[in-house]
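Counting starts at 1 for both ligands and their atoms, in listed order. Starting from 1, each residue takes its place in the sequence as its number.
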Amino acid sequence: MNILVLKESNFSQEQRIAITPENTKRLGLLGNQIFIQAGLGLHLHFTDEEFVKAGAKIISDPQKILPTVDILLSVQKPAIETLSLLKQEALVISFLDPYLEKTVVNKLLEHNLSSISLELMPRTTLAQKMDALSSQANLAGYVAVITAASLSPKIFPMMTTPAGTLSPASVFVIGAGVAGLQAIATARRLGAKVEAFDTRPVVEEQVKSLGAKFLKIDLGATDATKEGYAKALSQEQLEKQRIAMEKACSNADVIITTAQTFGKKAPLLLTQKNLQSLRAGTILIDLAIDSGGNIEGAKPNEIVELFGTKILGLSNPASRVALHASQMYSSNLFYLLQHFWNKEEKKFHLNTSDEILKICLLTHKKEIINGSVKKFFAS
Ligand code: NAD
């Protein structure tokens with residue numbers, strides 16, 4: 001099959017690339033021809049020559065090749081003009097943000113393109129290798145802590161020196177999913193004292209196993225969805241949570257928020273009133289900024305100073321460690337293609353009744369396949 005990878009359409013905000021030379025080689029061995037836009041990986045020190053050595057053909061005029069492409073791989077949604085030039089029934093694999101990107105979804109339908117939206121990948125053991133949401137969230141948790149440490153006027157570990165003893169920094173992590181657990185682990189590795197909270201009680205054990213304290217708050221029913229995602233809390237529950245977190249927040253040198261509810265706006269966890277009661281010098285990192293933010297007043301990739309605190313909404317955090325993020329992302333794509341590879345026909349087998357594909361397949365034959373997105377578009 002002809003597989004194409006283009007430079008990301010919003011390069012200024014997206015430094016990740018959808019394929020590395022290593023995965024170019026692996027996809028080639030399955031029987032594909034990979035086409036790479038010239039200069040795709042230069043900013044990550046992957047030269048065109050390396051891609052050629054791995055079996056890729058370098059193209060400088062993507063418009064010419066688009067009508068012959070079977071699979072288009074991307075990190076963020078491809079440009080609408082790119083989708084228009086693909087042949088009908090080509091497959092697009094990318095983060096497609098289907099709940100927010102109506103124009104993209106409509107284009108995919110109208111142009112009869114099949115598409116896999118990586119946000120929709122089921123969070124199951126079988127799909128783990130293809131789970132780009134997890135691989136990128138893991139890096140986001142790491143980036144949040146490293147960024148907070150670089151902004152903090154305090155060091156993270158305890159230090160005993162002849163000049164005196166410095167106590168460890170206190171880090172409070174709100175939301176202990178993939179990113180939150182990695183933030184806890186990274187902060188612990190740096191020697192900080194860590195406390196965490198999540199509405200899903202099942203994570204208490206995971207938090208404790210990383211050497212952190214779990215803050216218990218009784219919010220009444222806080223069940224997860226059948227996919228394992230947190231359910232949105234009521235306004236009363238959220239207010240109760242804010243009050244119950246006050247002490248942990250005011251004891252913290254660093255607060256990292258990661259709370260999200262899938263397909264919905266992120267919950268507002270810290271209002272300006274809460275911020276007023278924090279210690280001056282507290283660093284706050286909002287990892288949910290791209291879905292609306294957990295902290296009132298947070299702005300994407302801008303440090304906002306409020307009541308003596310510094311608040312940073314980290315937009316697209318994985319792009320800040322783009323080399324490793326691309327390595328993991330392109331491996332997720334490779335495993336996805338390999339899992340559904342038909343060896344005899346040397347092609348991707350788009351089996352719509354497969355338990356993974358029927359969930360992450362966004363569009364196919366002019367229809368929305370994922371049940372929740374279909375319902376969302378019908379409403
Ligand atoms: P996410 O990004 O959707 O949300 C981040 C965290 O915020 C979640 O832990 C959620 O419970 C929490 N949260 C939501 N509202 C909150 C609130 N008001 N206060 C505090 N915390 C709040 O989550 P994710 O990291 O994408 O993980 C989603 C689910 O998928 C989890 O159950 C996770 O364990 C599961 N998962 C499973 C696998 C697997 O089995 N292979 C892989 C990855 C993730």
Is it true that [X] and [Y] have a side-chain N and a carboxylate O under 4.0 angstrom from each other?
{"X": "Glu110", "Y": "Lys366", "value": "no"}
{"X": "Lys216", "Y": "Glu204", "value": "yes"}
{"X": "Lys240", "Y": "Asp218", "value": "no"}

Among all protein heavy atoms in this structure, tell me which lies nearest to [atom], with the distance rounded to 0.1 Å.
{"atom": "atom 1 (P) of ligand 1", "value": "Gln260 CB, 3.9 Å"}
{"atom": "atom 26 (O) of ligand 1", "value": "Arg123 NH1, 2.9 Å"}
{"atom": "atom 34 (O) of ligand 1", "value": "Arg200 NH1, 3.8 Å"}
{"atom": "atom 5 (C) of ligand 1", "value": "Thr258 O, 3.3 Å"}
{"atom": "atom 3 (O) of ligand 1", "value": "Tyr229 CD2, 3.6 Å"}
{"atom": "atom 17 (C) of ligand 1", "value": "Thr199 CG2, 3.5 Å"}
{"atom": "atom 21 (N) of ligand 1", "value": "Gly175 CA, 3.5 Å"}
{"atom": "atom 19 (N) of ligand 1", "value": "Gln241 NE2, 2.9 Å"}

Can [X] and [Y] be counted as having a side-chain donor-acceptor contact under 3.5 angstrom?
{"X": "Gln76", "Y": "Glu8", "result": "no"}
{"X": "Arg320", "Y": "Asn301", "result": "yes"}
{"X": "Ser115", "Y": "Thr363", "result": "yes"}

*Quick check: does Phe262 get an N/O under 3.5 Å from an N/O on ligand 1?*
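Looking only at distances, the answer is no, because the N/O contact criterion of under 3.5 Å is not met.
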
*asked:* For ligand 1, which is the ligand I care about here, please tell me if Ala230 has any N or O atom under 3.5 Å from one of the ligand's N or O atoms.
replied: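 Ala230 vs ligand 1: no N/O contact under 3.5 Å.
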
Number the atoms of ligand 1 from 1 as they appear, then name those within less than 4.0 Å of a heavy atom of [X], with their elements.
{"X": "Val178", "answer": "25 (O), 43 (C), 44 (C)"}
{"X": "Asp131", "answer": "42 (C), 43 (C)"}
{"X": "Gln128", "answer": "41 (N)"}
{"X": "Thr124", "answer": "41 (N)"}

*Between Pro122, Ala140, Ala259, Ala232, flag the one that comes closest to atom 22 (C) of ligand 1 by a heavy atom.*
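Selected option, by shortest heavy-atom distance: Ala259.
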
*Would you mind finding which of Asp198, Ile174, Val202 brings a heavy atom closest to atom 8 (C) of ligand 1?*
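Among Asp198, Ile174, Val202, the closest heavy atom to atom 8 (C) of ligand 1 belongs to Asp198.
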
*Hey, does the side chain of Gln241 reach the backbone of Leu219 with a donor-acceptor pair shorter than 3.5 angstrom?*
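Such a contact is absent between Gln241 side chain and Leu219 backbone.
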
*Checking Arg200 against Tyr229: charged group under 6.0 Å from the ring centre and within 45 degrees of the axis?*
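No; the conditions do not both hold, so Arg200 does not lie above the ring face of Tyr229.
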
*Is the distance between the ring centroids of Phe377 and Tyr99 under 6.0 Å?*
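No.
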
Applying a heavy-atom cut-off of 4.0 Å, say which part of [X] lies close to ligand 1: side chain, backbone, both or neither.
{"X": "Leu233", "answer": "side chain"}
{"X": "Leu269", "answer": "side chain"}
{"X": "Ser134", "answer": "side chain"}

*asked:* Just verifying a value: how many Å separate Asp286 CG and Leu284 CG, rounded to the nearest 0.5 Å?
replied: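 CG of Leu284 is found 8.5 Å from CG of Asp286.
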
*Any chance you could measure Lys77, atom NZ, to Lys107, atom NZ, to the nearest 0.5 Å?*
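It is 14.0 Å, given to the nearest 0.5 Å.
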
*asked:* If you define the side chain from C-beta out and look only at heavy atoms, does anything of Ile356 sit under 4.5 Å from His339?
replied: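 A side-chain contact under 4.5 Å exists here.
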
*Work out whether the distance between some heavy atom of Ala176 and some atom of ligand 1 is less than 4.0 Å.*
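Judged by the 4.0 Å heavy-atom criterion, Ala176 does count as contacting ligand 1.
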
